[in-house]
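Below is one structure, written out as structure tokens, with a few remarks after it.
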Amino acid sequence: MARYMMQSRKEAKIRRLRNGLNIAYFLLFYLVLIVMASDMLLDQHSPLSSSLVKRKLSLYLPESNTCVWTPPQNVESNTQIYGTLFAAYPGSGIRKTWQQVGAMTGIRTLDDFFDLGKEKIGLVKTQYPHYEGIWSYGSSLDQVVLLIRSPLWAMPSYHTILSEIEYAHTWEEAYKHLDQVFTHRAPLDDWIKWRDYRFNDEIELWGDYIDFYMSNGIKYWFDYDFERNGQYPFRYANTTERYEQDAHCILDVETCVPKAVVSYENLIDPLTGPAELNKIADVLRGKPGMTVLDPDGVSCIYHQTWLNAPEPNNDSRDDCPGCNPREDYKFTSAQLTKMADKLNQMIVKYSTWSGQQASDLVENFQSYLVEVLAAIPGPNPAPAPSGDYAKDLVDWYSSKGKGDRNSKAKLQSMSLWDEVSQFYDDDTTQGTRRTSEIEEERSILDFYDEFGRAIESARSYFDFE
């Protein structure tokens, strides 16, 4: 009897312990849920999120090959962390890139143009040296990752953003329209005008941007062109005038040469995306203050990020009522031919370079070239615009606030006036010279139209029909 009572007391004690453990597990489970929910609410709604919330890496469970996406957080001030700059020509898909990087590192990527009140450490995205970007991060970053996208899609995407922020060219004006970004696409008429006005400069800038980083910062602009916009009365340097290295690539970062070249097209493709994201992970992993998921975890979180990353993004424009689809934003035959010529130049140039970065560039350029050649229409180009078209473009561009950025009155109020006053000897020629430049560019594009017809016979060889 005594043995039975002792056994019963022992069993009761075990039951109490089990019940206690169950309650403890239950409370712990809900505590985890509360913490995760608090993190999400702070990240989305609270100005305290950057100072109170510790960054938390997305969770990967290798046993079940599952992962849990968590939103990235700001790096706390004065944190000792190895900094990475993500550089991209405007419209190259940097948003989807930093969403992926944030998921695998737990760190929010800062913007060069905005976030001016925050210390630029950890991860920063920039469009510098394109005139839409600024070097606002001093010497706080250590390495560069270069993101590329085909000019066939990057240029229309760039113009769409300009249209959404109403062609602002200061951060103050752009900030007023920030809520419009990723909400609609530009009217086709505006796209055609911007395209015809800016194409010659922008296709060169697309290539110059890549060359700048691959050459460790060789400048394509002159110092007195303080906005690096090449607008009259200034111009961009020709190839024989490009030899000076940007001081930022000497003093502020170890090297501007990218540690990795990442393709936007490969990154958004579900088949190639995980491997492309792992290229970024490889240059971040093991750096001071940087925690990155392992390769299997990166592949897992890649797919979770598309499901959980907050909108809006580029795809949000597809749901815009009354907006044209992205395929409607096309180029003329002459422009496509010149684009193909630029890609050929880049392929020839970087085919002679060694290293994985150059190899990745060539592989992507070749893919871009195939798509561009396939887009060149048949031998019946659209009729040439009227003789007033060049002047109409100048007037339209000026009406959008983008023209006359180097006005005499503006530069006279700046300290560099003594250096640039020589360019303003005759104010009355400014509009005429810019119009004549456009007319000269138009004649060049007419030549490319003729060239486009000549290569039409080659289309069957490439089986583009």
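Only this structure's heavy atoms are used, side chains among them; waters, hydrogens and symmetry mates stay out.
- Scored by the side chain to side chain contact (heavy atoms under 4.5 Å, CB included) test, Ile268 finds Lys96, Tyr264 as partners (sequence neighbours excluded).
- Other residues, nucleotides and ligands place no more than 12 heavy atoms under 6.0 Å from the CD atom of Gln80.
- Side-chain atoms of Gln335 and Asp196 form a donor-acceptor pair, as typed in the model, at a separation below 3.5 Å.
- In this model, a donor atom of one side chain and an acceptor atom of the other lie less than 3.5 Å apart for Tyr368 and Glu265.
- Remark: the Tyr128 side chain and the Asp246 side chain contain an N/O donor-acceptor pair separated by less than 3.5 Å.
- Under the 4.5 Å side-chain criterion, counting only non-hydrogen atoms from C-beta, Val283 is in contact with Val145.
- No side-chain donor-acceptor contact under 3.5 Å links Thr160 and Tyr329.
- Residues satisfying the salt bridge (charged side-chain N to carboxylate O under 4.0 Å, His left out) criterion with Arg285, sequence neighbours excluded, are Asp282.
- Checking Glu202 against His130 by side-chain atom types alone, a donor-acceptor pair falls below 3.5 Å.
- Below 30°, between 30° and 60°, or above 60°: for Tyr220 and Tyr236 the angle between ring planes is above 60°, a perpendicular geometry.
- Legend: residues meeting salt bridge (charged side-chain N to carboxylate O under 4.0 Å, His left out) with Asp142, ordered by chain and number and at least two apart, are absent.
- Applying the salt bridge (charged side-chain N to carboxylate O under 4.0 Å, His left out) test to every pair with at least one member in residues 247-260, sequence neighbours left out, gives no pairs at all.
- The side chain to side chain contact (heavy atoms under 4.5 Å, CB included) search around Ser359 returns Gln356, not counting sequence neighbours.
- Partners of Lys287 by side chain to side chain contact (heavy atoms under 4.5 Å, CB included), not counting sequence neighbours, listed by chain and number: Tyr82, Gln143, Met290.
- Ring-plane geometry between His159 and Trp191 is classed as tilted, the angle between the planes lying from 30 to 60 degrees on a 0 to 90 degree scale.
- For residues 332-360, every residue pair satisfying the ring-ring contact (aromatic ring centres under 6.0 Å, His included) rule, not counting sequence neighbours, is listed here: Tyr350-Trp353.
- Residue pairs that meet the salt bridge (charged side-chain N to carboxylate O under 4.0 Å, His left out) test with at least one member in residues 206-217, sequence neighbours left out, are Asp208-Arg242, Asp211-Lys349.
- For the side chain to side chain contact (heavy atoms under 4.5 Å, CB included) test, residues two or more places apart in sequence or in another chain that qualify with Asn216 are Gln245, Cys249, Thr255, Cys256, Val257.
- In this structure, the side chain to side chain donor-acceptor pair (under 3.5 Å) partners of Glu204, at least two apart in sequence or on a different chain, are Lys342.
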Check: residues 295-304 side-chain donor-acceptor pairs under 3.5 Å, at least two apart:
residue	atom	partner	partner atom	Å
Ser299	OG	Pro295	O	3.3
Tyr302	OH	Leu267	O	2.6
Tyr302	OH	Asp269	O	3.2
Tyr302	OH	Trp306	NE1	3.3
Gln304	OE1	Asn308	ND2	3.3

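- Side chain of Glu363 to backbone of Asp360: no donor-acceptor contact under 3.5 angstrom is found.
- In this view, Asn78 satisfies the side chain to side chain donor-acceptor pair (under 3.5 Å) rule with no residue, not counting sequence neighbours.
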